[in-house]
Protein chains: 2
Amino acid sequence: MLYLLKRSSKDIKNSNIKKKTTIKDIANVLNISAAAVSKALHDDSRISAKTKKAVRQVAKNLNYQPNHLASALRSGKSNLVGVIVPRTNSNFFSSVIENMEEVLNKEGYNIIITQSNESYKKECDSIDTLLFTQVDGIIASMANETIDLKYYEKVKSKGIPLILFDRGENDLNVDYIGINDYESSHMIVEHLIKQGCKRIAHIGGYKRTRIFNNRIRGYVDAIKKHSLPLDDELLVESNLTIKDGRAKMQQLLKLNHRPDAVYVAGDYAALGALQILNEQNINVPDDIALVGFGDEPFTSMVTPSISSINQHSAEIGKLAAKTFLDHAKQSSVKQLLNKIILDAELVVRASSKKVSK
Amino acid sequence: MLYLLKRSSKDIKNSNIKKKTTIKDIANVLNISAAAVSKALHDDSRISAKTKKAVRQVAKNLNYQPNHLASALRSGKSNLVGVIVPRTNSNFFSSVIENMEEVLNKEGYNIIITQSNESYKKECDSIDTLLFTQVDGIIASMANETIDLKYYEKVKSKGIPLILFDRGENDLNVDYIGINDYESSHMIVEHLIKQGCKRIAHIGGYKRTRIFNNRIRGYVDAIKKHSLPLDDELLVESNLTIKDGRAKMQQLLKLNHRPDAVYVAGDYAALGALQILNEQNINVPDDIALVGFGDEPFTSMVTPSISSINQHSAEIGKLAAKTFLDHAKQSSVKQLLNKIILDAELVVRASSKKVSK
DNA sequence: CTTAACTGCTTAAACGTTTAATCAACTCTT
DNA sequence: AAGAGTTGATTAAACGTTTAAGCAGTTAAG
């Protein structure tokens, strides 16, 4: 009596939830072993073409979906790649991610995106989360705040492939994909000089972040190279938000000896700077020329349109994904190290194109 | 001899890769069973306080990290929640995600973010990916393109909790969190009327998307209610990008009888509209008042600042997460249905604040 | 004709947990 | 002092795969 009760309640459950079909169900249908089915589905050379075909047919009929957790557990591979970015709400990062995803999906990998919001703590949490989820690799762009690299060292020490892009860190000695920031600064400065600018300011990012430091070094060296004035007051450090772009532009306008060109290390801050210039009826580019960095879509939509550096986000995303795949494919022992530095491209727009020239 | 060889080769391996510590290692140290360790870590009532304490201590010493895959496989729960959004590169969506993540992380869930890029196909792929990854639930905002709901039905039929936010769909009959779009339109129209506007245009989103349809209905009804002119030419459909905002604004300016106010259903399109107005030296708000939708941060940074509707993105994210947790916690049988409609808030800024009044 | 190699499969163990079913040893009740 | 209940553990099976090892049957080589 008790048994009957139990069984009937179980039956109700079963009829509701309809168990997923497993490899065993397929094996039962064909009267072969589960192992054979597994091998057939993986196109193992030791399984006959006939069996493979039959297995695939039955799998389709039963709407078989492989249990990712089981295979991940057994094989030790989750087929998941973790991605850490400061924020996804810029075109640069969302484009990088989109292209990474495309490449990785093709090889059977899925991605988990996490945002650090430029916070060191959140970045550490993200790393822990990703390690917990047993990702097969991590592709990251570091938060501005991050100085202590111990969490990234932890990833390395676990033998999980780590690829950095854009915001990298030399000391870590891992794969890196980015653009030539130093050279980009040269391009910008030389472009501005060609337009007749003689006093070029730079609203730069945080000095301790490598890419921004490279941009600053590039700016300084280019200015020196062309014997232009290199005043301390012309070089300011910023967090590169719209808001701070406004503040730093206001600061530059207060100078006794104003610049006739401003090179801003980020487009959002460049937009803020442009707003101030427009509000104060300062003609751009004739009074002050402006160049941004990143080629965010809005740069071409504002008035005047902002010259900027195209960072090849799509390319970066694809290369980062491919670099991971290189690691994943080969045995863990051989450790190749990729440092890919792409040439960036200066897109000249109205904000730095002097018609008077 | 053979044994010795095998062992030594194994030892080399171990010293290199240093195996992760498992529940068994802890059990061995304490001379108890693995099951006891598992229960201790889960704070089972049948394990003594002393044992629990010891287990936790050893776990810490050995730097034990639970194997998520194994527990997920055994328990049938992956503790992963899938999130699908059109794009992450707006403040609205990234803020929603950030807050969702916060709530879910606290309960031990992690999230997998995927972007549909407004493409129906990519949305379907995302759903398949998430199902494959065995997420415990899906929280989504639908792509503009999506009309066919069969993929979402698939999620429902698998018994996986599905929660929609912002871009939902009535026919699906699932939980939904959003704002009162219809009422928001009323607020905007009435605000503009108070400013003295008599001819109000609406650059709306796609009619077939429910939220945009509600905004359009709200606009139409509010106009009717106050006996203002309701010309077909004043109501235009847009994809709400910056670019299309520009195009649709230009279209409105070509009318014989120009509007004196424009209500745009999205901030990016409102920005495009503002650019055109600025370029053509049309005074905002005196000649034409402007109101956007979404309260993206840049609305307060442009000149003039754009009035907009605050959608309470943080709230939406948190509520969506909580709604999922409600489902996750209770047995699958009882199916409660939440439709949460938040009141939005009109943030009045320079673009619709007539000083002449 | 024997040995070797290949083909196509099966068996069984393993991945690291969770959990139902037991069990031994106590502590109360009555 | 026997039965009932509680406490704190153990055992063993299970989750759905993958994979090393093995085995029967066929083919090829010497």
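The model shown is predicted, which means the values in this text are computed figures rather than measured ones. Labels below follow one simple rule: chain letters A, B, ... track the order of the sequence lines, proteins then strands, and each chain is numbered from 1. Computation of the quantities below employed the complete heavy-atom set of this structure, encompassing side-chain atoms and omitting hydrogens, waters and symmetry-equivalent molecules.
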Any residue meeting side chain to side chain contact (heavy atoms under 4.5 Å, CB included) with Lys24(B), in chain and number order, not counting sequence neighbours: Thr22(B), Ala34(B)
Is any side-chain N of the basic residue among Lys318(A) and Glu101(A) closer than 4.0 Å to the acidic one's carboxylate O? no
Answer yes when Lys322(A) and Asp326(A) have at least one side-chain N-carboxylate O distance shorter than 4.0 Å, and no when they do not. no
For nucleotides 6-12 of chain C, read 5' to 3', which letter fits each nucleotide if B means a protein heavy atom sits under 4.0 Å from the base, S means only the sugar-phosphate is that close, and - means neither? -BBBBBB
Below 30° counts as parallel, above 60° as perpendicular, anything between as tilted: where do the rings of His68(A) and Phe132(B) land? tilted
Sugar-phosphate only, base, or nothing, as touched by Thr22(A) at under 4.0 Å among non-hydrogen atoms: sugar-phosphate
Once ring-ring contact (aromatic ring centres under 6.0 Å, His included) is applied, do any residues pair with Tyr152(B), and if so which ones, sequence neighbours excluded? none
Please state how far atom CG in Asp43(B) lies from atom P in dA9(D), giving the value in whole angstrom units. 13 Å
Enumerate, atom names and distances included, each donor-acceptor pair closer than 3.5 Å involving a side-chain atom of residues 47-59 of chain B, sequence neighbours excluded.
residue  : atom : partner  : partner atom : Å
Ser48(B) : OG   : Thr51(B) : N            : 3.2
Ser48(B) : OG   : Thr51(B) : OG1          : 2.8
Lys52(B) : NZ   : Asp43(B) : OD1          : 3.1
Lys52(B) : NZ   : Asp44(B) : O            : 3.1
Gln57(B) : NE2  : Asn61(B) : OD1          : 3.2

Heavy-atom pair with the smallest gap, counting every atom of Ser116(A) and Lys122(A): O-CB, 3.4 Å
Flag yes if more than 12 heavy atoms outside Lys121(B) fall under 6.0 Å of its NZ atom; otherwise flag no. no
What is the distance, to the nearest angstrom, from the CG atom on Asp25(A) to the P atom on dC15(D)? 11 Å
To the nearest 10 degrees, how far apart in direction are the end axes of the helix from dC1(C)-dG30(D) to dT30(C)-dA1(D), each fit to five base pairs? 40°
Is any NZ, NE, NH1 or NH2 atom of the basic residue among Arg87(A) and Glu98(B) found under 4.0 Å from an Asp or Glu carboxylate oxygen of the other? yes
How many Å lie between CD on Gln134(A) and C1' on dT17(C), as a whole number? 11 Å
If you take any heavy atom closer than 4.0 Å to DNA chain D, which residues from residues 56-81 of chain B end up in contact? Leu73(B), Arg74(B)
Determine the minimum heavy-atom distance between Thr133(A) and Thr129(A), stating which atoms define it. OG1-O, 2.7 Å
